[in-house]
Amino acid sequence: MQIYEELKARGLIAQVTDEEEIRELVNNGKATFYIGFDPTADSLHVGHFMALCLMKRLQMAGNKPIALLGGGTGMVGDPSGRSDLRQVMTVDTIQHNCDCFKKQMEHFIEFGEGKAKMINNADWLLKLNYIELMREVGSCFSVNNMLRAECYKQRMEKGLTFFEFNYMIMQAYDFYHMYQTDGCNMQFGGDDQWSNMLAGTELIRRKLGKDAYAMTITLLMNSEGKKMGKTANGAVWLDPAKTSPFDFYQYWRNIGDADVLKCIRMLTFLPLDEIDAMDHWEGSQLNRAKEILAMELTTLIHGTEEAQKAEEAAHGLFAGGASTEHMPTTVLGDAQFENGTIGALSLLVACGLCASNGEARRLVQQGGVTINDKKVEGVDAVYQRDDFAGEGVIVKKGKKIFHRAVTQ
RNA sequence: GGGAGAGUUCCAGAGCGGUCAAAUGGGGCAGACUGUAAAUCUGUUGUCUACGACUUCGGUGGUUCGAAUCCACCCUCUCCCA
């Protein structure tokens, strides 16, 4: 099976500008393609990971990848599909985030001579002169068309500033620029980027009279139509300091039945026939598929060793006989103890399991806290300092959240 | 530039002088059920030294015994006209 067919079979391809041409280019290793990453945070997330996987797959098929850091476009911020204005980032933040992205990307993709290339659009965008830019490309954009673009729909109701409106032009300019400097003839990106990407192929056609292509990756949505890779507390990050390997593993382990196979197909490198075999699994058997998904992904992101630790920890906790080894841990200092004891509520807050004393109180009253395998019966429960020595104390919030507290 | 309207707790959105820590829905958290799933049902959802106290309704000042609610100015946003 050739690469294009494989991508299609995995459900990764959302939209393409010219299927025949793209198939031809990609399958024969003739594409030089770029994917843009705007430095909106100090870590990559699952969406970026999908893009990086795509990059890797296409690279293995002989195509030349360019990872484009959005040091310039990040100065503006993409309004696509958003209902409100993005927080405008400071120059320092953008630089910091770019550095973080760069470091993480190097784990997944090999950069260097003859391999993948990494460039930053700050290198050309920041130098642009307003009047010159307008004279060069301004006449190639129809405001009427831009306003019709799907990505601005939501903003037409709440208002779109001229500042953000320009984002599309910046992104189009990137493609136009790299087409000339790097022979970049294709752009990939999330499906929400479709309008911006078309703006680029259109600009190249108008300015240079040449054809360039664009293809979007299906956005990872769950069966309820919500973007995956997000929790109530924010994204599922690739940086272990922001989302621990254990939490990362658990996110995928806890995925809904309806979404398991789709995720395995889109996110893992398992052979398709193996995945098709799982397609018949039903009911609680799907739990096995969830374990496979969680294990595969955690391995890809954090390495075999971390993945195994996460799996062991999960097995330990849910199959009884909790292993405290890989559990998130809080070290309690002297200040937290009063006369050698600490109250249950303070303990919950100290471990970061509750945001406030009141929340902890509620939780205990509702019977949601277990400490050292014993349900906490009252809000005035107290623990001795000695209890925390050695292995420490296991605090369990609800059914799935385990935390360990120790003394120094 | 002119005119109209809006800013309420995580979000949407009621409230229009005391009975407001603020209806309702969503989301979150917990309990029951279960397969570490989904659906469903129940409770809960500002803070605290907790049957009481304290701080919140864009900002600042004012009227009043009393303000999310009234007035003034300011800021932000939306809509209509140019």
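Per chain, numbering begins at 1; letters A, B, ... match sequence-line order. The basis for the numbers below is simple: all heavy atoms, side chains too, and nothing from hydrogens, waters or symmetry mates. Remember, predicted model here, so these are calculated numbers, not experimental data.
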Please tell me whether A/Y176 and A/Y179 form a close aromatic pair, meaning their ring centres lie under 6.0 Å apart.
no

Does A/K400 place a side-chain N or O at less than 4.0 Å from the phosphate oxygens OP1/OP2 of B/A37?
yes

Can you tell me if A/S284 touches the phosphate of B/U34, counting only side-chain N or O atoms and a distance under 4.0 Å to OP1 or OP2?
no

Quick check for you: among B/A50, B/G35, B/C33, whose closest atom lies nearest to any side-chain atom of A/R361?
B/A50

Can you check whether any acceptor in the base of B/G43 is under 3.5 Å from a donor in the side chain of A/Q366, or vice versa?
yes

Roughly how many Å apart are B/U56 and B/U24, using the P atom of each and rounding to a whole number?
24 Å

Heavy atoms under 4.0 Å, any strand shown: does A/E359 hit a base, just sugar-phosphate, or nothing?
nothing

Using the C1' atom in both, what is the distance from B/C74 to B/C29, to the nearest Å?
40 Å

Any donor-acceptor pair under 3.5 Å from A/T299 side chain to A/M295 backbone
yes

Among the nucleotides B/U36, B/G35, B/C29, whichever has the atom closest to the side chain of A/N254 is B/U36

For A/Y130, does the six-membered ring have the charged nitrogen or CZ of A/R135 within the cation-pi criterion, i.e. under 6.0 angstrom from the centroid and within 45° of the normal?
no

Using a heavy-atom cut-off of 4.0 Å across all strands, would you classify A/G358 as base, sugar-phosphate, or nothing?
base

Looking at the rings of A/F188 and A/Y34, which for Trp means the six-membered one, are their centres under 6.0 Å apart?
no

Between B/U64 and B/C70, how far is it from one C1' atom to the other, in whole Å?
9 Å

Using the P atom on both, measure B/G25 against B/U60 and round to a whole Å.
33 Å

Grab the CZ-C1' distance between A/F318 and B/U36 for me, whole Å please.
5 Å

With sugar-phosphate meaning primed atoms plus P, OP1 and OP2, does A/A314 contact a base, only sugar-phosphate, or nothing at under 4.0 Å between heavy atoms?
base

In whole Å, measure the gap between the C1' atoms of B/G59 and B/C65 for me.
26 Å

Any base atoms under 4.0 Å from A/K290, or only sugar-phosphate, or nothing? Heavy atoms, all strands.
base

Among B/C48, B/G35, B/A32, the one nearest any side-chain atom of A/N357 is B/C48

Taking the nucleotide of RNA chain B with the nearest heavy atom to each, does A/E311 or A/R362 sit closer to the 5' end?
A/E311

Tell me whether the centres of the aromatic rings in A/F33 and A/Y213 are closer together than 6.0 Å.
no

